[in-house]
Protein chains: 2
Amino acid sequence: MNKSETILKSSSLSVTAGRKRILDIFLDANNALAHQDIEVKCSDKYDRVTIYRTLQTFLEKGIIHNIPTTDNSVRYALCNEVCISSGHHHDNHVHFRCDNCSKTICLDDVSIPSVKLPTGYSMNEINMVVSGICKTCKKVKVPV
Amino acid sequence: MNKSETILKSSSLSVTAGRKRILDIFLDANNALAHQDIEVKCSDKYDRVTIYRTLQTFLEKGIIHNIPTTDNSVRYALCNEVCISSGHHHDNHVHFRCDNCSKTICLDDVSIPSVKLPTGYSMNEINMVVSGICKTCKKVKVPV
DNA sequence: AATAAGAATGCAACTTTGTTGCAAAATACT
DNA sequence: AGTATTTTGCAACAAAGTTGCATTCTTATT
Ligand SMILES: [Mn+2]
Ligand SMILES: [Mn+2]
Ligand SMILES: [Zn+2]
Ligand SMILES: [Zn+2]
């Protein structure tokens, strides 16, 4: 039993070819993916609608989390073991979006600093997205 | 000369009825607006395409800033004087999205805490969006 | 291994959102 | 007032997202 199958089972989801494929795409990716990215990688095999529904299911089960954007193309990334096993989200890391390659990645080791809200507000989740130049692009850009 | 007209002039934009109207909508609003919200308020008078182009122009001139979301409907809010006069963005405040009324607001007095990125990454902008229950909804919800 | 119940998928039809080119209208400048 | 430049509306289109329903697949049970 491979990794994607294990994750699906432990989230009490039925194991289907489509779900396995999409989960494998996430497991292979080293950056967050938009719906569009997934569609490109497997719309020959699976319907657009199935991709929508699968992403939705994965979100609800704590298999992936979404990352807000200002360009109307939400990104999705795999959650850590804690989210998957507990069935709900415990993501507390910063996200980075590169202005050059426009890849979005999870900075798993950078945790979101706490912030004090004005009186009367109660906090549920925090999202932090930093933009700039990523490690890879910086290397390429300093040839001199 | 009213406020919207002043802002347009000081951003060296030509003053048109549509731009004044849209800017007035922002000046009247006490929360951030999606494209859709603006369309509802004035699509009888101005074309959808004009609204798209106007928001784009306002963004570029530092009149409004955008707020990332995970639901594919970016919100826009008025910038402070500094952005408008300098012509580029200096927004450093936290945004709040209410899980109950789903309004998004600028917490102008709460500044985004700094965060240290891993080696190799350089920072440009930071966005922080907190979700939870807003002041107004909390009041309403505690009747007892 | 066969069956039956329930869940997931594909398809079609549709709605909503966003983009582009161009002619007409409005604005700013002299 | 006249003219160059911008902005707008319209049309046509492309892309993104939603819904209902029949068919297929998965899982649990015999
Ligand atoms: Mn992440
Ligand atoms: Mn703001
Ligand atoms: Zn990069
Ligand atoms: Zn609220």
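Chain A is the first sequence line, chain B the second, and so forth, proteins listed ahead of strands; every chain is numbered from 1.
For R48(A), the side-chain atoms get nearest to dT18(D) when compared with the rest of dA28(C), dT18(D), dT17(C). When the nucleotides dG18(C), dT7(D), dG10(C) are ranked by their closest atom to the side chain of R19(B), dT7(D) comes out on top. Comparing dT17(C), dG18(C), dG17(D) by their nearest atom to the side chain of N72(A) picks out dG18(C). Counting only heavy atoms from C-beta on, R53(A) has its side chain closest to dC11(C) among dT27(D), dC11(C), dT7(D). You'll find that the side chain of Y52(B) is closest to dG18(C), out of dT8(D), dG18(C), dA8(C). Minimum atom distance to the side chain of V49(B) is reached by dT19(C), of the listed dA28(C), dT9(C), dT19(C).
Two residues, K45(B) and T16(A), neighbour DNA chain D, and the one matched to the more 5' nucleotide by heavy-atom proximity is K45(B). Comparing S73(A) and T50(B) by the nucleotide of DNA chain D that holds the closest heavy atom to each, the one mapping nearer the 5' end is T50(B). Looking at which nucleotide of DNA chain C each of T57(A) and E39(B) is closest to, the 5′-most match is held by T57(A). Residue H35(B) is the one, among H35(B) and V15(B), whose nearest nucleotide of DNA chain C lies closer to the 5' end (criterion: closest heavy atom).
In this entry the distance linking CG of L59(A) with P of dG17(D) reads 13 Å, nearest Å. Here the C1' atom of nucleotide dT9(C) and the NZ atom of K20(A) are 16 Å apart, to the nearest Å. Between Q56(A) atom CD and dT9(C) atom C1' the separation is 16 Å, expressed in whole Å. Here the P atom of nucleotide dT6(D) and the CG atom of L8(B) are 16 Å apart, to the nearest Å. Y76(B) has its OH atom 11 Å from the C1' atom of dG18(C), to the nearest Å. Nucleotide dG10(C) holds its C1' atom 12 Å from the CD1 atom of I51(A), rounded to whole Å. Regarding K61(B), its NZ atom lies at a distance of 11 Å from the P atom of dT6(D), rounded to whole Å. If you measure from atom CD1 of I22(B) to atom C1' of dT7(D), you get 12 Å, rounded to the nearest angstrom.
Contact record, T70(B) with I67(A): CG2-C, 4.1 Å, taken as the closest heavy-atom pair.
A salt bridge links D71(B) with R97(B): the distance from a Lys NZ or Arg NE/NH1/NH2 to an Asp or Glu carboxylate oxygen falls below 4.0 Å.
Side-chain contact check for S111(A) and N92(A): no donor-acceptor pair (N or O, by modelled atom type) lies under 3.5 Å.
Contact annotation: S14(A) does not reach the phosphate of dG6(C) (side-chain N/O to OP1 or OP2, under 4.0 Å). Using a 4.0 Å cut-off, no side-chain N or O of Q36(B) falls inside it from OP1 or OP2 of dT16(C).
Taking the six-membered ring for Trp, H65(B) and H93(B) have ring centres closer than 6.0 Å. The aromatic ring centroids of F26(B) and Y76(B) lie 6.0 Å or more from each other.
If you check every strand for non-hydrogen atoms under 4.0 Å, K9(B) touches nothing.
Between H35(A) and Y52(A), the ring planes lie parallel to each other; the angle is under 30°, not in the 30° to 60° tilted range.
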